[in-house]
Amino acid sequence: MPELPEVETVANGVHQRIAGDRIEEAWFSSKPEPMKTPPATMAKALTGRTVERVHRVGKHVVFDFAPQAERDPVQWIVHLGMTGRLVVADPEVPRPPHTHGVLMLRSGRELRFVDARRFGRMGLHVFQKSDQAAELPGFRGPGTEPLRISKADFRQLFHKRRTSIKAALLNQTLLHGVGNIYADESLFRAKIRPRRMAARLTIPELDRLHSAVQKVLREAIRLGGSSVSDYVDAAGERGFFQLRHYVYIRTGQPCLVCGTPIRRIVVAGRGTHYCPVCQR
DNA sequence: CATGTTTCCTGACAGC
DNA sequence: TGCTGTCAGGAAACAT
């Protein structure tokens, strides 16, 4: 499941492959779930645009385009959900099942959005003003970027939350980009139990968590993300961070630090993995 | 507003 | 073998 490191890897891969390319034609399926913007509107708005930059905001892949004097600026926003993929492919390669969007590019290749479970979303971010290019508000997403937040702001974010720290970490309006894998892995590294109330964490614990979240995310980005189910990047490559997981999907296996079997519980409706000895 | 619960969707897998 | 049932999970919608 793509979280911040996987989305960053995908965005970088797509950028490398299609930056500078021009969208000659766009097609979107009629399935309503993935579309935050009507397919025809999206296709029309994207056709003729030149991709300038593909980057990540939270768990969103954001496409920037070269300015065009006669058109309002837009960004194309893609959320991969659980099973969404962005793949650059040659048109001769048959489109896989569950392809919901295709950008046909001047280079002859295609960018495809494929998503079996349809939890992914695509939409257009349309700018309000087209006259002041320098001050256009880019897509920001709801929460704070976990890789940029200071220790002080991190404490602030959680210290009044009357919910489990796991649920708080998953709340995208607080931190933007941490999902189930990296919540569990961060809590292990910070030695904090997932069910602890966020408001009851001490300052040293919150500081440890801040460091752990950033360390885990940075290391995961470095290794191309975690491939636990079927995640692959834009080139179809798997990530390697799953080899560094201490708890995620390791139920019953010995803790890599103390040997105690890893436990699985449900917190905030999510499968949650922790070491009962290392995490207090 | 804050928090908890339900819903969407299909592939994978267990059990008969 | 092949069917049925259950589960996974991000985030929006809905309920409390």
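Just the heavy atoms: all of them, side chains too, but no hydrogens, waters or symmetry mates, feed the values below. Each chain gets a letter, A, B and so on, in the order its sequence line appears, and its residues count up from 1.
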Inset, instruction - Look at the side chain of His98(A) and decide which nucleotide, out of dG9(C), dG10(C), dG11(B), has an atom nearest to it. - result: dG11(B)

Inset, instruction - Answer yes or no as to whether dA11(C) has its base stacked against Phe119(A), where stacking requires a ring-centre separation under 5.5 angstrom and planes under 30 degrees apart. - result: no

Legend entry - Sugar-phosphate, base or nothing in reach of Arg162(A), heavy atoms under 4.0 Å: sugar-phosphate

Legend entry - Sugar-phosphate, base or nothing in reach of Arg118(A), heavy atoms under 4.0 Å: sugar-phosphate

Legend entry - Short N-O contact, Lys59(A) and Glu3(A), less than 4.0 angstrom: no

Inset, instruction - Considering only NZ, NE, NH1 and NH2 on the basic side and carboxylate oxygens on the acidic side, decide whether Glu110(A) and Arg95(A) come within less than 4.0 Å. - result: yes

Inset, instruction - Consider the side chain of Asn180(A), meaning its heavy atoms from C-beta on, and name the nucleotide among dG10(C), dT3(B), dA8(C) that approaches it most closely. - result: dG10(C)

Legend entry - Spacing of Lys36(A) atom NZ relative to dC8(B) atom P, expressed in whole Å: 18 Å

Legend entry - Rounded distance in Å - CD (Gln172(A)) to C1' (dA2(B)): 17 Å

Inset, instruction - State whether Lys31(A) places a side-chain N or O below 4.0 Å from either non-bridging phosphate oxygen (OP1 or OP2) of dC9(B). - result: no

Inset, instruction - Check whether any side-chain nitrogen or oxygen of Thr83(A) sits under 4.0 Å from OP1 or OP2 of dG11(B), and answer yes or no. - result: no

Inset, instruction - Under 4.0 Å between any heavy atoms, over every strand shown, what does Tyr182(A) touch: base, sugar-phosphate, or nothing? Just pick one. - result: nothing

Legend entry - Side-chain donor/acceptor contact of Arg270(A) with base of dG10(C) under 3.5 Å: yes

Inset, instruction - Rounded to the nearest angstrom, tell me the gap between atom CG in Asn171(A) and atom P in dA11(C). - result: 10 Å

Inset, instruction - Could you state the atom-to-atom distance from CZ of Arg161(A) to P of dG4(B) in whole Å? - result: 10 Å

Inset, instruction - Measure the shortest side-chain to side-chain distance between Met82(A) and Phe119(A) over non-hydrogen atoms and say whether it is less than 4.5 angstrom. - result: yes

Inset, instruction - Please work out if Gly120(A) contacts a base, only the sugar-phosphate, or nothing of the nucleic acid, heavy-atom cut-off 4.0 Å. - result: nothing

Inset, instruction - Output yes when at least one side-chain N/O atom of Arg117(A) is less than 4.0 Å from OP1 or OP2 of dC7(C), else no. - result: no

Legend entry - Rounded distance in Å - CG (Asp184(A)) to P (dA8(C)): 13 Å

Inset, instruction - Could you check which of dG9(C), dA12(C), dT3(B) has an atom nearest any side-chain atom of Tyr248(A)? - result: dG9(C)

Inset, instruction - Please determine if Glu145(A) and Arg56(A) form a salt bridge, counting it only when a charged side-chain N lies under 4.0 Å from a carboxylate O. - result: yes

Inset, instruction - May I have the step-by-step check of salt bridge (charged side-chain N to carboxylate O under 4.0 Å, His left out) for Arg109(A) and Asp21(A), ending in yes or no? - result: CA-CA 9 Å; Arg109(A) 296 167 308 173; Asp21(A) 220 332; 3.4 Å; yes

Legend entry - From dA11(C), dA2(B), dA8(C), nucleotide with atom closest to Lys59(A) side chain: dA11(C)

